[in-house]
Amino acid sequence: MPLQVTIVTPVEGPAGARRPLELLESALTRAGLDLRRVDAEGRYFEHPGMLADVARSSSAVLYVLHLNAGEPSDESAVRAAAEFVQSVRTHNDRVPILLFGEQLTARKVPQSVLSRIDGVVNAYEDTPDFLARKIKREAGHYLGQLAPPFFAALMRYANDGAYSWHCPGHSGGTAFLKSPVGTVFHDFFGENLLRADVCNAVEELGQLLDHSGPIADSERLAARTFRADHLFFVTNGTSTSNKIVWNSLVGPGDIVAVDRNCHKSILHAIVLTGAVPIYLMPTRNKAGIIGPIPRSEFTPEALRAKIDASPLIADKTRRIRLLALTQSTYDGIIYRADELRANLDGVVDALHFDEAWLPHGSFHELYEGMHGVANDRERTGRTVVYATQSTHKLLAGLSQASQILVQDTSGGHFDERVFAQAYRMHTSTSPQYAIIASCDVSAEMMAGKRGRALVEESITEAMEFRRTVIRIGTECSGWWFGVWGPDTPPRTGLPERSEWELTGDAGWHGFEQVDDGFTMLDPIKVTLTMPGLTVHGEFSTPGTPSIPGVVLARYLAEHGVVVEKTGLYSLFVLFTIGVTKGRWNSLVAELHRFKSAYDGNATIERLMPAFATAFPMYAGRGLRDLCDALHATYRDADLAELTTAIYTEPVEQVTTPAEAWAAMAAGRVEHVPVEKLAGRTTAVLLTPYPPGIPLLVPGERISASIVRFLRHEQILAARWPGFTGITHGVTEETDGGHRTVACLTGR
């Protein structure tokens, strides 16, 4: 990486002051440094994008400060310098900042500036070439210290030029060069990635399975950044992180309390461990958005009542081994974790926050008290707290980059020896070292003030997008899109925490039961809504605008915008630390184009030619006509009510998930047609996509409502190919005539 020095000249100096700077610039160029010049008027708070770029892309910053022997202009110049330094330090607390001027001393430069810079360079005290070497040394030292331990070791190894005699067999990429298609692969991914794809035999890189060497050093640094007692990198995604936590704690017959709308990996963990689950039931609005679990579900009395009511638990006196909670939900609902930690301490042996969608929570005061692990807060006495996070979802990790955070009790109940065995059970002996490096780097990116700045940018961009959508809706004629969330004032800047906390008297969320001061909506999780359905399940009348979410999602995908999740009349877009103004403004522009196409009833083949080619039955249909017809299908079936009922109705447990899976593996199942499923016991997870939340767990009774939903899904697939979802666990038979679900034989 080249050394880039940014030279900031806030104002024109006195006559003759430019010459020393020109001499220094020439010397810096001779020293091999890249120069970038930034001219501004000193009002740096008006240029946040410029400041962020200077802070993140510079190897060193040289700020030109002209002082005129005590003249009044000195005060404003020093004030501008202080503002600049403070603003840059908000984004980067490590980049070298040096002042350049004539006769700069501590008497003239205030402590507020001196305490945040790395040096002072006076024009006439040394030669320009010497000063250039000094600046180059500062920049080189900074750049050399940027990489955290494992990434630094991996770069050293990959750049060493040593021959590889170990696996993988491509030997640093050379095998690919022996084939034309392999050469294309090599050129696409680049030599660095392939040289860094190594075997665990390379001892100098440490061992992921043993948490040794540079890997252990990086995990310790990451633990400090994320305020955990222990932090472990995982290269198989948070699905695997969840299973590691569970296998380290739970055995056959143990009672576990689980968020009913948890990720399927938690349910897989129940199957693997042989645990007996009791479920915490969330609310849900009629637009298909999952709401919070009521506070009352977490009380010792409520948990004990669930144990007493369970037909699968013989010994009603047993303690709950583990309670798992989705924090945050797919749609952005997060709980007051501090309250849960305090209230559940001693009630459950371990508390597991599945924070796949909340790795940013510990870096900004907006989320204070809303994330599970923080070892600077009061410790629990008996309950060990775990959090599993997908750094690849909202931070800068590669796909499958994940981490496990642990906060021990005041008495030290965390058994790292048992945890290590569970970790080895689920971790590959051939991990992808690029993923480990991305875990390392994504943690380092969040260290110090950098993490807060990155998260604040995400929040700010999400708020600007929300406010833009709301503003356009008040200005444009006819219909427009909305955003699910509180009606925040049309100001700029960060949101008020109180505005995003859910309350029972707020109508915007649509949940029937909400506890004040218990949950909040994360503003970076943006649900874009469209006309056709309210959060209370009211469909728009025929002839009024109605835009099913799947139609807009199809349109956006063909125009280069891929959304995270699709609802009946909503889309979910995620504002990660990688989202930019250009990206979300492009989305707004695309929404305008869709509206124009809908209002003009443009044909499908003109709007979505690739889709029309794949599904020629839609050729010649107008966009508005298509939306109206699909909307009528949804309305006639009252899908809002149906998709709510199947997730909120009581569940009948027949056998444990592990016993149901054992029957499946042994072949003691029969594949029952959908229309005959009512009353049967499923042997598989039934998971509709979207939204990807399991509907039934192995060992549970299939209700009439679920059969009605599956049959309607079948009808939609036949009538509206290309515009329907799919339920995992339902098998399309080879004859194409019917769908089946594996059920326990005779049950």
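Note that the numbering runs from 1 along the sequence shown for the chain.
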Between [X] and [Y], do the side chains contain an N or O donor and an N or O acceptor separated by less than 3.5 Å?
X	Y	value
Lys393	Thr576	no
Asp522	Trp500	no
Gln403	Gln389	yes
Ser265	His263	yes
Ser241	Ser402	yes
Asp354	Thr326	no

task = Run the numbers on Phe539 and Tyr634 for ring-ring contact (aromatic ring centres under 6.0 Å, His included), then give the verdict.
result = CA-CA 9 Å; Phe539 284 95; Tyr634 288 174; 7.5 Å; no
request  = Kindly say whether Gly582 contributes a backbone atom to a donor-acceptor pair with the side chain of Ser586 at under 3.5 angstrom?
outcome  =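 Yes, the answer is positive, given that a donor and an acceptor are paired below the 3.5 Å cut-off.
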message = Quick check against the 3.5 Å criterion: does Thr391 have a side-chain atom that pairs as donor or acceptor with the backbone of Ala401?
response =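 Indeed, once roles are kept as given, a pair shorter than 3.5 Å links the two residues.
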request  = Answer yes or no for Lys595 and Trp480: cation-pi contact, defined as NZ/CZ to six-membered ring centre under 6.0 Å and angle to ring axis within 45°.
outcome  =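 No - Lys595 does not lie over the ring of Trp480 by the 6.0 Å and 45° rule.
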Separation between [atom1] of [X] and [atom2] of [Y], rounded to the nearest 0.5 Å:
X	Y	atom1	atom2	value
Arg701	Ser703	CZ	OG	11.5 Å
Phe481	Phe594	CZ	CZ	5.5 Å
Glu457	Ile459	CD	CD1	11.0 Å
Leu574	Lys525	CG	NZ	6.5 Å
Glu355	Ile334	CD	CD1	9.0 Å
Ile435	Asn236	CD1	CG	7.5 Å

ask   = Is the His631-Tyr569 ring centre distance short of 6.0 angstrom?
value =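 When the ring centroids of His631 and Tyr569 are compared, they turn out to be within the sub-6.0 Å range.
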Salt bridge flag under 4.0 Å for residues Arg711 and Glu675 =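 No, this pair does not count.
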request  = Output yes when Glu670 and Arg680 qualify as a salt bridge under the 4.0 Å nitrogen-oxygen rule, no when they do not.
outcome  =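 Looking at Arg680 together with Glu670, the answer is yes, because their closest N to O distance falls below 4.0 Å.
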task = Just say parallel, tilted or perpendicular for the rings of Phe723 and Phe611, cut-offs at 30° and 60°.
result =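 Correct class here is tilted.
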